[in-house]
Amino acid sequence: DFALTGKPILLYQPDYEEYNLRRGLYIEKKDIPLQMFSERKSLNEALLQTLRDPAYRAERIHESEMMVEKYVCDDNEFTCDNLCKIIGIE
């Protein structure tokens, strides 16, 4: 849902492998068009670069846009209202 804001996204997943083994995932890591970090230091560096480097920030925003196209392309500001109407809640 945050991808709809058009802001850059950096994923911090220090327990990705453990979580995947225990619970599994709906979407594979390779299919997510976002930067992922398992270590705090690399995440911090990427956050700073996102703030300081317009080109890097633009790349992260482009990744967010790709995420929207791939997974939430039909969502908009009326999605929740429309879903409520479909299931009979108004």
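Residue numbers start at 1 and run along the sequence shown. All values reported here derive from a predicted model rather than from experimental measurement.
- For the atom pair CG of Leu21 and OH of Tyr16, the computed distance is 9.5 Å after rounding to the nearest 0.5 Å.
- Of all heavy-atom pairs spanning Leu10 and Arg60, the tightest one is CD2-CD, 3.5 Å.
- Hydrophobic clustering, with ILVMFWY side chains joined whenever heavy atoms are under 4.5 angstrom apart, groups Tyr26 together with Leu11.
- Heavy-atom neighbours of Lys7 NZ from other residues, nucleotides or ligands within 6.0 Å: at or below the threshold of 12.
- Rounding to the nearest 0.5 Å gives a distance of 11.5 Å between CG of Asp53 and CG of Leu48.
- For Lys85, the side-chain contact (heavy atoms from CB on, under 4.5 Å) test picks out Glu90, with sequence neighbours left out.
- Counting all heavy atoms, side chain and backbone alike, Glu63 lies closest to Pro33 at CB-O, 3.0 Å.
- More than 12 heavy atoms of other residues, nucleotides or ligands lie within 6.0 Å of CZ in Phe2, so this atom counts as buried by the packing criterion.
- Heavy atoms only, all atoms of each residue included: Ser64 and Ala3 are closest at O-CB, 3.9 Å.
- With sequence neighbours excluded, the residues that form a side-chain contact (heavy atoms from CB on, under 4.5 Å) with Arg40 are Tyr12, Asn44.
- Asp81 contributes atom CG, which lies 11.0 Å from atom CD1 of Ile86 (distance to the nearest 0.5 angstrom).
- With rounding to the nearest 0.5 Å, the separation of NZ in Lys30 from CE in Met36 is 11.0 Å.
- Contact of the Ile27 side chain with the Tyr71 side chain is registered, since non-hydrogen atoms from C-beta on lie closer than 4.5 Å.
- The CD1 atom of Ile32 sits 10.5 Å away from the CD1 atom of Ile9 when rounded to the nearest 0.5 Å.
- Met67 contributes atom CE, which lies 5.0 Å from atom CG of Leu34 (distance to the nearest 0.5 angstrom).
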Chi angles and distances behind the side-chain contact (heavy atoms from CB on, under 4.5 Å) call for Glu45, Lys41: CA-CA 6 Å; Glu45 291 168 358; Lys41 181 180 179 184; 3.3 Å; yes

